[in-house]
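Down below is the structure, laid out as structure tokens.
Heads up: numbering here begins at 1 and tracks the sequence.
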Amino acid sequence: MPPRCRALAALLSPSPGVPAQWNYNKEFRASPEFRARSFAREGSPPDAECISYTHDRDYEAVSGVQRPAPHLASSAWCPPPPAEY
């Protein structure tokens with residue numbers, strides 16, 4: 001699994017070894033654990049297979065195409081600036 005995929009899966013996994021649960025849970029997202037999460041600096045460019053036009057700030061740069069829903073660019077958050085390649 002490419003680094004960004006592993007990082008996102010680890011952040012959203014309820015515990016080590018348990019697969020990520022890709023959902024939106026307001027209580028979890030408001031928790032201290034979620035708010036304190038950290039990203040390691042990416043050591044290489046992200047794999048185009050693992051980018052999301054809804055979440056990745058660098059979608060256009062990595063995919064080489066325009067975001068299918070341009071209005072979502074303003075809410076894209078991944079990776080945070082200190083962690084980007």
Side-chain angles (χ1 to χ4, degrees):
M1 181 181 293
R4 188 175 295 183
C5 293
R6 281 195 304 273
L8 288 173
L11 285 171
L12 297 174
S13 177
S15 59
V18 177
Q21 297 178 12
W22 304 96
N23 63 24
Y24 186 84
N25 180 312
K26 290 181 181 182
E27 184 177 324
F28 172 66
R29 298 221 177 176
S31 71
E33 293 83 13
F34 183 79
R35 296 206 176 270
R37 70 199 188 282
S38 63
F39 279 79
R41 186 167 196 66
E42 295 179 324
S44 61
D47 189 307
E49 177 184 333
C50 292
I51 58 170
S52 161
Y53 69 84
T54 60
H55 297 100
D56 288 287
R57 294 182 316 108
D58 54 2
Y59 178 82
E60 288 89 351
V62 174
S63 69
V65 298
Q66 184 177 0
R67 195 177 299 261
H71 68 281
L72 293 175
S74 63
S75 61
W77 60 272
C78 184
E84 62 192 348
Y85 174 70

* Structure fact -> Residue set satisfying side-chain contact (heavy atoms from CB on, under 4.5 Å) with Ala69, at least two apart, ordered chain then number -> Tyr53, His71, Leu72
* Can you list the residues that meet the side chain to side chain donor-acceptor pair (under 3.5 Å) rule with Ser63, with sequence neighbours excluded? -> none
* What pairs meet the salt bridge (Lys or Arg N to Asp or Glu O under 4.0 Å) rule with one or both residues in residues 62-79, with sequence neighbours excluded? -> Glu60-Arg67
* Side chain to side chain, Pro46 and Asp56, heavy atoms closer than 4.5 Å -> no
* Structure fact -> On a heavy-atom basis, the closest approach of Ala83 and Ala40 is CB-O, 3.6 Å
* Output, in order, the C-alpha distance, side-chain angles, deciding distance and verdict of side chain to side chain contact (heavy atoms under 4.5 Å, CB included) for Tyr59 and Val65. => CA-CA 8 Å; Tyr59 178 82; Val65 298; 3.9 Å; yes
* To do: Show your reasoning for whether salt bridge (charged side-chain N to carboxylate O under 4.0 Å, His left out) applies to Glu84 and Arg57.
  => CA-CA 9 Å; Glu84 62 192 348; Arg57 294 182 316 108; 2.6 Å; yes
* Structure fact -> One should read off an interatomic distance between Cys78 SG and Glu42 CD, to the nearest 0.5 angstrom, of 6.5 Å
* Just jot down the side-chain contact (heavy atoms from CB on, under 4.5 Å) partners of Pro82, sequence neighbours excluded, or say none. => Pro80
